[in-house]
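Everything quoted here is computed from the prediction, not taken from an experiment.
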Amino acid sequence: MKMPERSSYIRQLFWFSISICSFFTRKQKSLVVLTSFHGDGFRGNTKEIFEKLADHPFLKPIWLSRNKALVHSIQSKHGSESALLTYSIKGLSTLASAGVILLTHVTSDYPFMFLPRRAVIIQSYHGLPTKTG
């Protein structure tokens, strides 16, 4: 298994320090931010929810990922505003203003990111209905 480079941790800590300033943004009730598998995957319950919400008239789902290729893949299928890089100004501001945040495992799905308390945070787990919680 390949270990992450030290610069990866430094970059993540940098973005965390910026994400703490999320209280400067306004909450958008219709903004739903989703991710899975520690910010690197597009699978599980959050993927299914994202695809169901893609054409919703009121809710605006946005997938956040650390994986550039995954972001481009989702954007090509669902539009340029449907997915963003987690460690970018646009990704950070989207997470900060989210009305709802969905994750599959634990808060580590948004690694080193501050999740605003004013957002509704929903853990969908990654094996429902077979898991208990």
Side-chain angles (χ1 to χ4, degrees):
M1 184 167 105
K2 183 179 174 186
M3 295 298 292
E5 295 179 26
R6 183 171 283 177
S7 64
S8 172
Y9 291 117
I10 293 169
R11 185 179 72 236
Q12 291 178 38
L13 286 171
F14 168 76
W15 285 106
F16 170 75
S17 65
I18 293 174
S19 73
I20 292 175
C21 300
S22 66
F23 56 86
F24 289 115
T25 61
R26 296 185 74 172
K27 177 181 170 180
Q28 297 178 28
K29 292 180 183 180
S30 62
L31 186 58
V32 180
V33 176
L34 307 97
T35 195
S36 70
F37 197 64
H38 310 290
D40 291 322
F42 185 61
R43 59 185 183 209
N45 294 328
T46 51
K47 175 190 175 208
E48 296 301 318
I49 294 168
F50 175 82
E51 291 182 337
K52 296 291 184 197
L53 292 177
D55 297 322
H56 195 276
F58 175 70
L59 298 175
K60 181 181 179 188
I62 298 181
W63 194 271
L64 289 186
S65 178
R66 300 184 300 174
N67 184 329
K68 257 186 196 177
L70 177 61
V71 168
H72 292 302
S73 172
I74 296 169
Q75 287 175 338
S76 67
K77 184 176 180 185
H78 295 284
S80 62
E81 294 294 316
S82 63
L84 299 169
L85 283 170
T86 304
Y87 301 128
S88 67
I89 294 297
K90 202 165 187 181
L92 178 69
S93 63
T94 298
L95 182 61
S97 58
V100 178
I101 299 172
L102 283 123
L103 46 98
T104 55
H105 294 85
V106 291
T107 56
S108 69
D109 279 350
Y110 298 93
F112 292 96
M113 299 304 286
F114 178 78
L115 302 179
R117 289 184 177 183
R118 65 179 175 256
V120 175
I121 300 173
I122 301 170
Q123 182 179 15
S124 70
Y125 296 92
H126 53 88
L128 288 178
T130 59
K131 306 273 187 198
T132 60

Roughly how far, to the nearest 0.5 Å, is the [atom2] atom of [Y] from the [atom1] atom of [X]?
{"X": "R43", "Y": "E48", "atom1": "CZ", "atom2": "CD", "answer": "13.0 Å"}
{"X": "F58", "Y": "L53", "atom1": "CZ", "atom2": "CG", "answer": "12.0 Å"}
{"X": "S93", "Y": "L84", "atom1": "OG", "atom2": "CG", "answer": "8.0 Å"}
{"X": "E51", "Y": "I74", "atom1": "CD", "atom2": "CD1", "answer": "8.5 Å"}

Closest non-hydrogen atom pair, [X] against [Y]:
{"X": "A98", "Y": "A119", "answer": "O-CB, 3.3 Å"}
{"X": "L70", "Y": "S65", "answer": "CD2-OG, 3.4 Å"}
{"X": "F42", "Y": "S36", "answer": "N-OG, 3.7 Å"}
{"X": "I101", "Y": "L95", "answer": "CD1-CD1, 3.7 Å"}
{"X": "A96", "Y": "P116", "answer": "O-CG, 3.7 Å"}
{"X": "R66", "Y": "D40", "answer": "NH2-OD2, 2.6 Å"}

With hydrophobic residues grouped by side-chain heavy-atom distances under 4.5 Å, do [X] and [Y] end up in a single group?
{"X": "M113", "Y": "V33", "answer": "yes"}
{"X": "L102", "Y": "I62", "answer": "no"}
{"X": "V120", "Y": "L34", "answer": "yes"}
{"X": "F37", "Y": "I49", "answer": "no"}
{"X": "L92", "Y": "L85", "answer": "no"}

If we ignore hydrogens and angles and just use 3.5 Å, is the side chain of [X] paired with the main-chain N or O of [Y] as donor and acceptor?
{"X": "Q28", "Y": "S97", "result": "no"}
{"X": "S124", "Y": "L103", "result": "yes"}
{"X": "T94", "Y": "K90", "result": "yes"}
{"X": "S30", "Y": "K60", "result": "no"}

Check whether any side-chain heavy atom of W63 lies under 4.5 Å from a side-chain heavy atom of H78, and answer yes or no.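 Heavy-atom side-chain distance check fails, nothing below 4.5 Å.
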So do T46 and T35 actually touch side chain to side chain, heavy atoms under 4.5 Å?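 No. Closest side-chain heavy atoms not under 4.5 Å.
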